[in-house]
Amino acid sequence: MIRVELGKLMRRPRTWVTVALLCLLPTVVAVFLAVTDVAPRPGEGPAFLSAVLANGALFPAAALGIVLPLFLPVAVAVVAGDAIAGEASAGTLRYLLVRPVGRTRLLVAKLVSVMAFLVVAVTAVAATAYVVGTRLFVPVPGSPAEVVTGLSGSTLTSTQLTGRTVLVILYVAWSMFGVAAVALFLSTLTDSPLGAALGALAMLVTSQVLVTLDAASSVRDFLPTSYWLAWVDLFRDPILWHDVGRGVLVQGTYAVVLLGLAWANFTTRDITT
Amino acid sequence: MIRTEGLTKRFGRVLAVDDVALVVGEGDRYGFLGPNGSGKTTTVRMLLGLVFATSGTIELMGRPVPRQARSALTDVGALIEAPAAYGHLSARTNLTVLDAAGPGGPRRTRRRRVEDALEQVGLSGVGRRPVKAFSLGMKQRLGLAAALMRSPRLLVLDEPTNGLDPQGIREVRDVLLELNRAGTTIFLSSHLLTEVESLCTRVGVLQQGRLVVQDELTALQSPTGRVHVRTPDPDLVVGLLDGRVEHRDGDLLVVRHPDPAALADLLVRQGARLHELRPERRSLEDVVLEMTGPGSDRVGTS
């Protein structure tokens with residue numbers, strides 16, 4: 001069943017359009033930066049974009065930083081929200097279930113395909129950004145090409161850089177896993193894929209508003225989006241693991257609870273569409 | 001093949017299905033009738049494990065549903081209300097995907113099975129067109145093909161001829177009759193009386209969630225004790241059968257008489273010529289309308 005779901009995901013034109021659009025945004029940003037050579041001042045604009053001008057190899061991480069706050073969650077919410085509700089609204093859900101495909105099995109297959117989409121999307125963004133970044137931002141002559149300045153001012157070798165970029169990819173994907181769990185849960189509640197996707201986004205917007213609100217500081221540590229930007233810490237020297245660890249834990253908790261709810265709801269629900 | 005006891009489903013305060021005891025035997029062609037909104041679809045969905053019963057038991061292929069739905073459903077093909085498919089994929093890909101999703105079909109023979117099913121419903125030349133470009137009738141045929149894959153022992157069909165033209169309806173009926181001769185049990189849910197009358201051997205009628213009739217079709221279509229007589233000598237016949245003619249319409253007479261053969265003998269002896277003489281049988285329509293009254297999606301004050 002997992003293979004069938006992956007096949008369906010890959011055969012769907014929407015999947016590739018979404019991935020292409022996600023790759024397009026950082027590319028547009030890179031082109032503007034390269035043409036104008038005007039970088040945001042340090043501390044302003046998307047995280048550490050200013051460092052990118054010096055070395056394009058940092059651009060994959062910066063690109064993930066650009067798509068993380070909005071575009072990536074939207075894409076993930078749409079795909080995960082469509083998982084069950086999309087089949088329900090198309091009427092194919094009942095035919096899958098009487099085929100028969102067990103409900104738990106179907107839910108797991110959907111989850112795996114959503115995660116596959118997540119990994120493909122994040123990796124594609126990073127890969128495109130690497131190609132674009134290294135083409136457009138040639139290191140300043142005189143500075144050794146393989147040496148990159150990290151956020152703490154010390155230098156990173158290219159091996160370190162690769163390792164940390166991989167960590168960022170994993171961390172960003174894991175952050176999106178929480179979004180996917182919310183959308184998947186809502187997808188089992190409603191028969192409208194749009195409703196499920198928008199519901200998940202509404203929850204994220206709420207979370208992002210509360211993160212910036214001082215009055216809500218008591219719950220800040222438990223909000224799903226509060227540690228999203230902690231990936232920046234992976235480029236410090238030494239790496240600041242605290243927030244990253246908390247982020248992994250918070251996302252994991254959300255994912256487990258919501259997927260549990262999704263399972264409990266889906267396996268006991270009357271399928272009337 | 002199907003046996004339910006006290007099957008009941010309540011949606012909130014609405015009692016959709018009330019204490020239904022279905023019995024469908026192996027090899028039956030069972031017609032499940034009822035006006036719109038009488039609970040047919042809910043019952044079908046409960047049989048297939050999509051909707052959970054409030055109370056009562058379901059046995060499908062000798063196994064309890066929903067507890068052992070997986071093994072029971074492996075031998076069941078189903079068309080539930082409208083057919084559904086992935087619009088951006090071709091008919092072949094749709095069938096392949098569905099076949100690969102569940103148990104009961106080895107991968108080696110999958111292509112063969114898909115082709116056979118398409119052939120059976122008359123779609124073998126459909127090519128690579130995406131399903132969203134299909135007409136309603138083609139979608140219906142595709143849905144039927146999906147139900148026929150892996151030659152199930154039981155076919156559960158909800159309104160299978162919906163959207164088909166008269167030839168299509170005839171074709172589908174022939175396919176079903178042929179499968180039934182080969183041993184497939186057919187459970188056909190429909191509000192089209194003629195469809196059930198022309199295909200089924202056993203009939204169950206649902207009315208406001210209750211099973212009001214369940215019997216052999218021939219038993220339901222019992223003679224009414226009247227005989228239709230068509231004759232070029234109506235005046236002579238009326239004279240001969242004084243008082244027994246209930247109705248006269250030109251050369252057609254409706255005669256109350258218990259024995260059509262004796263009546264024919266009598267008329268011929270007396271020199272009346274006959275075009276036609278046949279016992280009147282109750283049509284399924286009469287039976288069902290008598291049992292069910294007005295359609296339940298009719299919203300009136302009375």
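Note on naming: letters A, B, ... go to the chains in the order of the sequence lines (proteins, then strands), and numbering restarts at 1 for each one. FYI, side chains are in, hydrogens and waters are out, and symmetry mates aren't considered; it's all heavy atoms of this structure.
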Apply salt bridge (Lys or Arg N to Asp or Glu O under 4.0 Å) to residues B:Asp99 and A:Arg99 and explain how you reach the verdict. CA-CA 8 Å; B:Asp99 191 65; A:Arg99 170 57 188 87; 3.7 Å; yes
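- Under a 3.5 Å cut-off, the side chain of A:Tyr95 and the backbone N or O of B:Ile80 do form a donor-acceptor pair.
- Proximity to chain B (any heavy atom under 4.5 Å) is shown, for A:Ser89, by neither the backbone nor the side chain.
- A:Ala90 and B:Ala84 get closest at one heavy-atom pair: O-CB, 3.2 Å.
- When all heavy atoms of B:Pro103 and A:Pro100 are compared, the pair lying nearest together is CD-O, 3.2 Å.
- With a 6.0 Å radius and a threshold of 12 heavy atoms from other residues, nucleotides or ligands, B:Arg3 has its CZ atom at or below the threshold.
- Heavy atoms from other residues, nucleotides or ligands lying under 6.0 Å from CZ of B:Arg111 number 12 at most.
- Chain A forms more heavy-atom pairs under 4.5 Å with one residue of B:Val51, B:Thr41, B:Leu50 than with any other, namely B:Leu50.
- Options B:Pro83, B:Ser71, B:Pro66 differ in how many heavy-atom pairs under 4.5 Å they form with chain A, and the most are formed by B:Pro83.
- With respect to chain A, the highest number of heavy-atom pairs below 4.5 Å among B:Ala82, B:Ala69, B:Ala78 belongs to B:Ala82.
- Between the OH atom of B:Tyr86 and the OG1 atom of A:Thr92 there is a distance of 4.0 Å, given to the nearest 0.5 Å.
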Side chain to side chain contact (heavy atoms under 4.5 Å, CB included) for A:Arg94 and B:Leu48? Distances and angles first, verdict last. CA-CA 9 Å; A:Arg94 57 176 184 268; B:Leu48 298 173; over 6 Å; no
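- Against chain A, the residues from residues 89-96 of chain B that qualify, each with a non-hydrogen atom under 4.5 angstrom away, are B:Leu89, B:Thr93 in number order.
- When heavy atoms are compared at a cutoff of 4.5 Å, B:Ala85 approaches chain A solely by way of its backbone atoms N, CA, C and O.
- More than 12 heavy atoms of other residues, nucleotides or ligands sit less than 6.0 Å from atom CZ of B:Phe134.
- Only the side chain of B:Arg45 comes within contact range of chain A, judged by heavy atoms closer than 4.5 Å.
- Looking at A:Arg269, the atoms closer than 4.5 Å to chain B (heavy atoms on both sides) all sit in the backbone: N, CA, C or O.
- Minimum heavy-atom separation, A:Val4 to B:Val97: CG1-CG1, 3.7 Å.
- Once rounded to the nearest 0.5 Å, the distance linking CG of A:Leu97 with CG of B:Leu73 reads 9.5 Å.
- Taking both residues in full, the closest heavy atoms of A:Leu96 and B:Ala101 are given as CD2-CB, 4.0 Å, listed atom of the first, atom of the second, then distance.
- Chain B forms the most heavy-atom pairs under 4.5 Å with one residue out of A:Arg3, A:Lys8, A:Met1, and that residue is A:Lys8.
- Contact annotation for B:Ala147: neither backbone nor side-chain heavy atoms come within less than 4.5 Å of a heavy atom of chain A.
- By number of non-hydrogen pairs under 4.5 angstrom with chain A, the leading residue of B:Thr42, B:Leu79, B:Val156 is B:Leu79.
- Few gaps surround CZ on B:Phe11; more than 12 heavy atoms of other groups in view lie less than 6.0 Å from it.
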Dump the intermediate steps for side chain to side chain contact (heavy atoms under 4.5 Å, CB included) on B:Arg70 and A:Val101, then the final yes or no. CA-CA 7 Å; B:Arg70 187 176 164 81; A:Val101 179; 5.8 Å; no
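- For A:Glu5, no part lies under 4.5 angstrom from a heavy atom of chain B.
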